[in-house]
Amino acid sequence: MTNDDFNRKEITYDPASMAISSLGLTKAVWYKRPWVLIAAALVLIVAISVISDISHPITKAQDAAAQNGTIKQINNDSKSCSFAVSESFHFYNQFVKGRLTPSELSQTKSLLIGDQTACSFASEPIYDLTNNIQPLDTAAGKHIEGLLKASRKWMTNYALASIGDIQYLFGNPGATAQIQHLASLQTRLRDERALAINDVTEAQQILGISLKEPILPTLPHLIGT
């Protein structure tokens, strides 16, 4: 053994003696890195969303049950305006016939204000009908969507305008322009109701199952129009 060999100390591996930087910095495995985990989470969310949006096959009985549920909602929201316009038509015919006493006439004018509100967007049922009903998107559902649109138009366009004309005629009997306008509104109310009923009939033919009928009323003819 040489002196050099004797003087050389045996060097052993001591992790504690190594620089902190070489021990403390450990590179993350690529699939554990934050950006990878975030990207994976986003992909999972999008996948779940796409899968949930894919329509699942349903039976005709299930479809009919869903459409009947929607028609029930439409009918519930239509009740107050349907009653209001029927009442206003009755009041007008009684007025034209001269059958209202001064007391009844005063009361009727107040009731007509409420009737008009019932067919306007200030009414909660009308708001609900306009914003919160979505028919199931099937072949039959497209016709129930047609029923929904026809019902909204029947109430917020033609029924509301008819009550407005009747209110005016109570204060201005015989006003030619309003009477002519009211006559045209009667035709539109009748036609829109027919469209609503036809949409339900078309949906029934697709399903082969009976559905609820819309409650839009057949209105009496207004005297003098």
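FYI, side chains are in, hydrogens and waters are out, and symmetry mates aren't considered; it's all heavy atoms of this structure. Along the sequence shown, residues carry numbers from 1.
Residues Phe91 and Val96 are members of one and the same hydrophobic cluster, defined by side-chain heavy-atom contacts under 4.5 angstrom among Ile, Leu, Val, Met, Phe, Trp and Tyr. Note on Leu160: it does not cluster hydrophobically with Leu185, by side-chain heavy-atom contacts below 4.5 Å among ILVMFWY residues. There is a path of hydrophobic side-chain contacts, each under 4.5 Å, that joins Leu182 to Leu111. A continuous path of ILVMFWY side-chain contacts below 4.5 Å connects Leu211 to Leu129, so both sit in one hydrophobic cluster. Put simply, Leu219 and Ile197 are part of two different groups of oily side chains (I, L, V, M, F, W, Y) that touch within less than 4.5 Å, one to the next.
Side-chain contact between Gln134 and Glu145 is present, with at least one heavy-atom pair separated by less than 4.5 Å. Ser110 places none of its side-chain heavy atoms less than 4.5 Å from the side chain of Gln107. Contact annotation: the side chain of Asp128 never approaches that of Glu124 to less than 4.5 Å [non-hydrogen atoms, C-beta and beyond]. Two residues are said to be in side-chain contact when any heavy atoms from C-beta on lie closer than 4.5 Å; Thr138 and Ile58 meet this criterion. You'll find the side chain of Pro214 reaches within 4.5 Å of the side chain of Asn75, heavy atoms only. Annotation: side chain of Phe89 is in contact with side chain of Ser162 (closest heavy-atom distance under 4.5 Å). Trp154 is not listed as a side-chain neighbour of Ser78, based on a closest heavy-atom distance of 4.5 Å or more. The closest side-chain heavy-atom distance from Ile133 to Ile74 is below 4.5 Å.
More than 12 heavy atoms of other residues, nucleotides or ligands sit less than 6.0 Å from atom CD of Gln62.
Contact detail for Thr117 and Ala122: the closest heavy-atom pair is CG2-CB, 4.3 Å. Nearest approach of Asp199 to Gly146, heavy atoms of both residues: OD2-C, 3.3 Å. In terms of heavy atoms, Ser120 sits closest to Ile126 at O-CB, 3.3 Å. Closest approach of Leu207 to Lys60, counting heavy atoms only: O-CD, 3.3 Å. Here the closest heavy-atom approach between residue Pro135 and residue Gly141 is recorded as CB-O, 3.9 Å. Closest non-hydrogen pair, Leu222 versus Asn93, comes out as CA-OD1, 3.4 Å.
Side-chain contact, Gln204 with Ser210: no donor N or O sits under 3.5 Å from an acceptor N or O.
Note that CD1 of Ile166 and CD1 of Ile179 are 11.5 Å apart. Values are rounded to the nearest 0.5 Å. Here CZ of Arg152 is found 10.0 Å from CG of Leu147. Values are rounded to the nearest 0.5 Å. A distance of 10.5 Å separates CG in Leu100 from NZ in Lys109, rounded to the nearest 0.5 Å. Atoms CD and OG, on Gln167 and Ser88 in that order, are 8.5 Å from each other to the nearest 0.5 Å. Taking CG from Asp165 and CG from Asn172, the interatomic distance works out to 11.0 Å, rounded to the nearest 0.5 Å. Atom CD1 of Ile215 and atom CD of Glu213 lie 12.0 Å apart (nearest 0.5 Å).
We find that Asp137 and Lys142 are joined by a salt bridge, their nearest charged nitrogen and carboxylate oxygen being less than 4.0 Å apart.
Residue pairs that meet the ring-ring contact (aromatic ring centres under 6.0 Å, His included) test with at least one member in residues 94-122, sequence neighbours left out, are Phe95-Phe170.
A side-chain contact (heavy atoms from CB on, under 4.5 Å) with Glu87 holds for exactly one of Asp115, Leu112, Ile163, Thr108; it is Asp115.
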Report task. Could you go through the side-chain hydrogen bond (donor to acceptor under 3.5 Å, both in side chains) check for Asp63 and Gln67 one step at a time? Result -> CA-CA 6 Å; Asp63 195 354; Gln67 306 309 338; 2.8 Å; yes
Requested in this report: Any chance you could lay out the side-chain contact (heavy atoms from CB on, under 4.5 Å) test for His181 and Ser184, step after step, and finish with the verdict?
Outcome: CA-CA 5 Å; His181 187 240; Ser184 69; 4.0 Å; yes
Requested in this report: Please test Ile144 against Ile71 for side-chain contact (heavy atoms from CB on, under 4.5 Å), starting from the C-alpha separation and ending with a verdict.
Outcome: CA-CA 7 Å; Ile144 303 306; Ile71 296 172; 3.8 Å; yes
Report task. Mind running side-chain contact (heavy atoms from CB on, under 4.5 Å) on His143 and Val200 for me, showing each step along the way? Result -> CA-CA 7 Å; His143 290 288; Val200 175; over 6 Å; no
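Residues satisfying the side chain to side chain donor-acceptor pair (under 3.5 Å) criterion with Arg193, sequence neighbours excluded, are Thr218.
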